[in-house]
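See structure below.
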Amino acid sequence: MPRHPRKLRLGALAATAVAALAAAALAGAPTAAASTATAATTTAASRTTAGSYNGLALTPPMGFNDWAKYGCNINADLFTKTGDALVAKGLAKLGYDYVNVDDCWMQKTRDAAGHLQVDTTRFPDGMKAVGDHLHAEGLKFGIYEDAGTNTCQGAAGSYGHFDTDAADYAKWGVDYLKLDYCYQPLSDYPGKTPAQVAQIVYTQASQALLKTGRPMVFSESAPAYYYDGQDFWDIMKWIGQEGNLWRVGDDIADNWSSVLTNYTQTSTPGLARYAGPGHWNDADMLETGNPGLTLTEQQSQFTLWSELASPLLLSTDVGALSGAPLAIVSNKDVIAVDQDPLGRQGTVVQSSPAGSATPYDVLSKPLANGDRSVVLFNKADIAQTVSTTAATAGLPGGGDYTLKNLVTKARTRTTGTIAATVPPHGTVIYRVSRGGGTAAPATVVGLGQRDFPGGKAVTVPVSLTDDGPSPLKGAALSLSAPTGWTVTPSRARIGDVLPGHSATAEFTVTAPTPPEGRSTSTLTATAAYTAAGERLGSAGEETVSYDLPYTSLAHAFDDVGVSDESDTAPGNFDGDGDSYSAQALAAAGVTPGATLSANGYTFTWPSAAAGAPDNVAGGSPTIELSGSGSRLAFLGAEAGFTSDTVTVHYTDGSSSTGTLGFPNWCCGATDSYGAKTAFTTDHRNTPTGPANYGVSYRLYTNAIPLTAGKQVASVTLPSSSAIHVFAMAVQP
Ligand code: GAL
């Protein structure tokens with residue numbers, strides 16, 4: 001870590017002062033407070049990586065925060081009921097004990113005495129009542145503010161009022177403060193860098209909390225606002241001296257790409273050294289239980305967050321959490337990795353080569369008892385075998401290890417290879433310890449074929465590898481495929497497999513003709529063998545994916561843009577349940593199946609009945625198309641403000657690209673991206689019927705160039721879902 005003596009000295013002085021206060025404030029609190037005071041007399045450099053500034057959060061906080069699931073749609077009931085549910089579902093016992101209120105609990109202005117004012121519509125009995133309810137069930141109470149002039153939602157910020165606010169939190173029984181960093185007071189500190197300003201205000205807030213004498217975990221959002229720039233790394237140098245955890249990157253959302261972004265940010269090389277007992281990198285909330293992630297992805301987020309020693313804050317309807325998602329977050333073995341007392345953040349120890357079509361990471365986290373938690377993370381959209389070694393994972397040699405799969409609980413024994421076939425977006429988490437005991441050998445089942453042209457017999461080699469120190473006896477492999485596929489034989493004997501060796505069986509597999517568009521199928525291979533005196537099994541899988549051109553644009557339609565005014569479920573052109581009105585379009589001359597001319601182009605309007613899918617909204621489908629000409633014209637509009645790439649494929653195998661965008665359907669410049677208005681309607685259709693907001697709803701034409709003299713074979717449409725295409729045509 002580069003040294004910046006001046007800044008460190010400033011931080012060190014502050015830390016000494018606050019640590020003394022902390023020790024006084026927390027007299028009688030666990031020994032950690034005492035060790036904080038000791039830490040303050042050691043070097044500044046060691047204080048940035050070890051010790052809790054206030055004696056709290058010696059393991060990453062666990063509990064609930066409402067923001068990702070509820071935004072501002074909160075009230076006191078949500079938090080008291082969440083507390084009840086955490087207890088009722090056994091989650092509180094597992095460590096989920098903080099119930100944190102995010103933004104929107106307060107008003108936009110302070111009272112005459114300078115105090116924050118609670119939003120009494122949402123919290124009619126004030127904040128203390130929520131805290132009291134939670135405390136009565138043995139839980140802890142968290143709250144949100146902002147170190148700037150306003151919260152991110154525009155309510156009164158804490159800047160300039162840190163002492164007053166901290167005293168109020170203490171009065172209300174607050175145990176945890178998340179201090180966000182919207183509306184930063186940079187202009188009050190001319191000549192200072194953003195990192196220096198952040199240090200000033202967060203130090204003030206941190207000291208204000210300590211001065212109250214009430215132990216409060218302090219979560220600081222400053223780094224997230226400067227992710228990976230110079231200010232970010234400057235902030236990292238002091239932030240652990242004044243707080244317990246800090247968001248490092250983006251706001252989490254309920255989709256896989258968001259989880260991947262936050263994982264990538266939190267596993268940024270160099271960041272793990274700032275994590276340790278009392279001070280943690282925060283990857284943001286868990287999306288477990290919400291609809292946007294598959295179960296595999298929910299397990300992966302939980303596994304990765306635990307491996308990264310991130311806080312585990314649920315952001316879902318805890319009362320409704322049940323079944324597999326509840327099991328994921330209740331997994332004591334994975335929680336133990338997150339909460340391991342050594343407090344080391346796992347790091348990436350091996351990765352796929354840059355630009356790989358099948359990316360993966362291997363992470364390793366040292367644990368207090370000398371074990372390592374090793375995660376094999378398949379980032380790819382298809383299954384793959386991820387393989388590493390105990391040495392790469394940082395385990396001392398010895399050649400005999402036990403792998404405990406923390407999800408399936410299976411224990412196996414390896415001489416050094418740590419591998420598994422991992423589903424798309426999946427993770428396998430092993431707790432690896434030295435010594436193999438009596439467990440059966442670790443094995444991997446791998447499939448060696450991904451290419452399955454429909455209707456053609458293909459040979460699929462399936463292998464069973466023995467990574468353990470003893471043989472697999474009487475092994476057999478079987479392969480299963482989805483309905484419609486044929487596999488022969490269904491089972492093949494491969495005899496004994498020796499340690500460090502593989503045996504392979506070949507299967508003949510015929511796939512049915514795949515459907516148009518994108519689809520995936522999964523082939524599953526299972527092995528059965530005798531080892532450690534038992535008949536055991538293991539499995540592997542292969543993802544077969546297809547991206548076949550649609551034979552017509554209509555076959556690719558995936559969105560309802562036009563609906564009848566009598567329809568109570570009127571499509572979803574704008575993502576909010578609004579669409580074009582079939583009646584208003586008809587008045588403009590646009591009816592199902594009509595030939596339309598506009599701006600010199602001729603199209604066929606979709607023949608779909610109102611209320612049926614009638615346009616392509618992103619997703620980059622490829623559509624067969626023929627003809628040659630100078631331009632490819634489109635009829636469409638946007639529920640957004642963006643342009644994106646269209647790729648034209650020609651019969652000679654070459655391709656060309658163009659940029660396509662339309663103006664927003666109602667609101668914005670009507671000539672964006674070079675488009676022109678084609679048809680104008682004076683109202684739209686909404687879930688409550690036709691609506692006229694004093695604006696027009698339009699359809700536009702736009703076009704991209706074609707390569708002269710070439711025959712078009714197919715077109716790949718934009719990936720952006722904001723861009724809606726109703727019709728396209730090759731123009732002379
Ligand atoms: C964001 C923050 C979110 C949430 C929100 C509230 O800046 O990253 O986690 O707190 O503000 O307005």
Side-chain angles (χ1 to χ4, degrees), residues 60-75 78-79 82 98-109 116-119 122-123 127 130 141-159 165 169 174 176-186 194 197-198 201-202 205 216-229 231-232 235 239 243-255 257-259 261-266 268 280-288 290 292 301 305 308 310-316:
M62 295 172 64
F64 170 85
N65 177 303
D66 59 279
W67 184 258
K69 171 74 177 174
Y70 296 98
C72 286
N73 192 14
I74 58 169
N75 59 31
L78 170 67
F79 299 96
T82 296
Y98 284 98
V99 176
N100 297 349
V101 179
D102 208 280
D103 207 344
C104 302
W105 62 264
M106 72 297 267
Q107 299 184 24
K108 289 201 163 35
T109 54
L116 288 165
Q117 308 189 82
V118 176
D119 178 335
R122 293 182 170 121
F123 296 89
M127 301 317 282
V130 178
F141 175 34
I143 212 164
Y144 166 101
E145 246 299 340
D146 190 290
T149 53
N150 290 93
T151 74
C152 295
Q153 298 306 310
S158 213
Y159 177 61
D165 293 352
Y169 309 146
V174 167
Y176 180 123
L177 172 68
K178 168 178 171 182
L179 193 62
D180 210 340
Y181 204 28
C182 281
Y183 300 99
Q184 303 171 10
L186 298 181
V197 177
V201 296
Y202 277 92
M216 287 186 254
V217 167
F218 187 29
S219 160
E220 309 160 281
S221 298
Y225 289 79
Y226 294 97
Y227 171 67
D228 210 19
D231 283 296
F232 177 86
I235 290 171
I239 196 152
N244 300 112
L245 65 154
W246 41 85
R247 287 275 307 285
V248 296
D250 292 6
D251 283 10
I252 199 78
D254 190 17
N255 62 73
S257 99
S258 167
V259 170
T261 298
N262 285 37
Y263 158 75
T264 306
Q265 292 172 329
T266 312
T268 296
W280 310 101
N281 293 309
D282 177 357
D284 209 6
M285 291 157 257
L286 296 168
E287 290 285 357
T288 325
N290 297 333
Q301 191 198 14
W305 266 226
L308 295 171
S310 174
L312 300 178
L313 296 171
L314 307 165
S315 193
T316 191

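Ligands are counted one by one from 1 in listed order, and the atoms in each one are counted from 1 as well. Fair warning: this is a prediction, and the values are worked out from it, not measured in the lab.
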> Counting only N and O atoms by type, is there a donor-acceptor contact under 3.5 Å from the side chain of Gln265 to the main-chain atoms of Asp250?
Replying inline: yes

>> Taking non-hydrogen atoms within less than 4.0 Å of ligand 1, which protein residues qualify?
In response: Trp67, Asp102, Asp103, Tyr144, Cys152, Gln153, Lys178, Asp180, Tyr225, Arg247, Asp251

> Quick one: does Tyr70's side chain get under 4.5 Å of Cys104's, heavy atoms only?
Replying inline: no

> Looking at side-chain heavy atoms only, is the closest gap between Tyr181 and Tyr202 below 4.5 Å?
Replying inline: yes

> Among Asp180, Asn65, Asp66, Asp102, whose side-chain hydrogen bond (donor to acceptor under 3.5 Å, both in side chains) with Tyr144 holds?
Replying inline: Asp180

> Do the non-hydrogen side-chain atoms of Glu145 and Leu179 ever get within less than 4.5 Å of each other?
Replying inline: yes

> Are any of the side-chain heavy atoms of Phe123 and Ile74 separated by less than 4.5 Å?
Replying inline: yes

